[in-house]
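Right, one structure below, let's go through it.
All heavy atoms count here, side chains included; hydrogens, waters and symmetry mates do not. Each residue takes its place number in the sequence, starting with 1.
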Amino acid sequence: MLNPADAVLAAHLPQGVLRDIAPAYTEEPRGRIMGQAGLVAAPRDVEECAAIIRACADARVPVVPRGGGTGLVGGQLVANGPAPLVLSLERMTAIRDIWPEEAVLIAESGVTLHDARQAAAAVGRQFPLSLASQGSAQVGGVLSTNAGGVNVLRYGNARALCLGIEAVLPNGEVMRDLKRLRKDNTGYDLRDLLIGAEGTLGIITAASLVLAPVPAETGVALMVVDGPAAALSLLSLAQARMAGGVTAFELISGQGLRFLDAAFPDMRQPFDPRPDWLVLVEVGLPAGLSADAALEGLFTAGAEAGLVHDGIIAQSGQQAAELWSLREHIPLANRHVGAIASHDISLPLSEIARFVSDAGAKIAQQGDMRINCFGHLGDGNLHYNLFPAEGRRREEYDEIRRDLSRKIHELVIARGGSFSAEHGVGRLKAADLARWGDPVRLAAMRAIKGALDPLGIMNPGAVLA
């Protein structure tokens, strides 16, 4: 049995760590879940964090870690049960060190993704993980959910960009493993165990992050294609022609463009009428190679192969930013319309086109709805979101909303995909993991949870229901 965070616990916490219980600590971006907190604590360093966890373990008080609060699956909120201690990393914001020649940066967990990228840029490097929420998303949260973003195709997700971590384990002990090594075969990789665990196995307090060179030449293009199958063929062509130079490859649907028209009528769009499908391509090349020429060659080759029908290549940094802005505003436009159900899925690349076709037919059988399918096509991650028909409200679909999501996820699982590509499991998808996860894998996960957190205080109910 767990106990609520209360005044008795507060008396055993380090001085000056408590915060007022403001709405920012109990809400999430879409307003789908309201959390609770008995106390909010914000440690200033790893030792204070360890002292807080020890006190919670002694009192059997649940701990809910919180980064920037941008998660969309309820991992940072608990709505029921004993009121937890919400542990915010917002005050642990130091860039502890940076080695440009090694391409390594050590950042504390409260550093925002934007600030980590700025610190890398200041020494002529880049931290290539990029999210739309990078102004508020924090390093600890990004690692705890193994976030991806738009550049996974080239640089990998958060797990691939971390060499070592410092973490407070559920008993309050500190694991100091901030290595800067690319090679270290010395037993179990506990770094990888805590990355993606969503705070259920401990609190990541700092990380050694991998930096990358800044490409000498970058280019961005928007190209009109017939559909996902043509887009995937174009991706294969781009990778063959540029040998690792493709940084991002985003799929955009015409429905998303129409939602942009409704939500942001003043936003300029380059194609009228709106095409049914587009891809946004970004390339980064070494000195001596022209990104514009590479994109022009890709457009020509794609057109000759019948894959591309129209396109625009950004002629300036400003124009490139405007093309990216179209893609980055799609989630905001979705929120303006109001989704019936949203799905963060991934599929093997060869299954994507068939899934989009089959899922569209399945949804059409369930009722009159609009589908906005978009996302990181290069790594197989799609956001497959369902919206009310024109003139209808999403509340009208409440009775079938869960069944719609189940049908979508069944199609994904049947094709070897995942119902959670980059947002994690949290609490919203814990039942899905229990339903579709491999039983042996789930048993091993529960055994690890029981071994490291026998009291069950670390983010209870997240990941493992």
Test item: [X] side-chain N/O and [Y] main-chain N/O as donor-acceptor pair under 3.5 Å:
X	Y	value
Lys179	Ser208	no
Arg154	Ala248	no
Ser325	Ala321	no
Asp177	Arg191	no
Arg427	Leu77	yes
Asn381	Ile345	yes
Ser109	Ile204	yes
Arg159	Ile195	yes
Glu198	Ala462	no
Arg176	Glu166	no

Working to the nearest 0.5 Å, report the span between [atom1] of [X] and [atom2] of [Y].
X	Y	atom1	atom2	result
Thr70	Gln134	OG1	CD	11.0 Å
Thr205	Ile165	OG1	CD1	8.0 Å
Thr112	Glu90	OG1	CD	13.0 Å
Leu163	Asp184	CG	CG	10.0 Å
Asn334	Gln255	CG	CD	9.0 Å
Ile352	Leu377	CD1	CG	5.0 Å

**Request:** Could you walk me through whether Leu428 and His423 pass side chain to side chain contact (heavy atoms under 4.5 Å, CB included), step by step?
**Result:** CA-CA 11 Å; Leu428 289 183; His423 291 161; over 6 Å; no

**Message:** Are more than 12 heavy atoms, taken from residues, nucleotides or ligands other than Arg182, located less than 6.0 Å from that residue's CZ atom?
**Reply:** yes

**Message:** Could you check whether atom CD of Glu101 has more than 12 heavy atoms from other residues, nucleotides or ligands sitting under 6.0 Å from it?
**Reply:**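 Correct, the count exceeds 12.
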
With no hydrogens and no angle check, do the side chains of [X] and [Y] hold a donor and an acceptor under 3.5 Å apart?
X	Y	value
Ser88	Arg66	no
Asp292	Ser290	no
His343	Ser405	yes
Gln366	Tyr397	no
Ser253	Asn372	yes

**Item:** Steps toward side chain to side chain contact (heavy atoms under 4.5 Å, CB included) verdict (His383, Ile330)
**Value:** CA-CA 11 Å; His383 303 294; Ile330 289 175; over 6 Å; no

**Request:** Mind running side chain to side chain contact (heavy atoms under 4.5 Å, CB included) on Val279 and Ile252 for me, showing each step along the way?
**Result:** CA-CA 6 Å; Val279 291; Ile252 299 172; over 6 Å; no

Less than 4.5 Å apart, side chain to side chain, heavy atoms only: is that true for [X] and [Y]?
X	Y	answer
Trp277	Cys373	yes
Val283	Thr247	no
Leu113	Leu131	yes
Leu178	Arg96	yes
Leu222	Phe271	yes
His376	Val152	no
Arg117	Ser130	yes
Thr145	Val73	no

Atom of [X], atom of [Y] and distance for their closest heavy-atom approach:
X	Y	result
Val356	Tyr384	O-OH, 4.3 Å
Leu105	Ala119	CD1-CB, 3.8 Å
Ala359	Ile408	CB-CD1, 4.1 Å
Ala291	Gly219	CB-N, 3.5 Å
Ala107	Ile95	CB-CD1, 4.0 Å
Ser420	Val425	OG-N, 4.0 Å

**Prompt:** Would you call Arg258 and Asp261 a salt bridge, using N to O less than 4.0 angstrom?
**Reply:**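 Not counted as a salt bridge, because no side-chain N and carboxylate O are separated by less than 4.0 Å.
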
**Message:** Regarding Lys407 and Glu410, does a basic nitrogen lie under 4.0 Å from an acidic carboxylate oxygen?
**Reply:** no

**Request:** Please report the C-alpha distance between Met445 and Leu433 in whole Å, then the side-chain angles of each, then the deciding distance to 0.1 Å, and finally whether the side chain to side chain contact (heavy atoms under 4.5 Å, CB included) criterion is met.
**Result:** CA-CA 11 Å; Met445 288 171 63; Leu433 179 60; 4.1 Å; yes

**Request:** For this output row, return yes or no: ring centroids of His329 and His336 closer than 6.0 angstrom.
**Result:**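 Ring centres of His336 and His329 not closer than 6.0 Å.
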
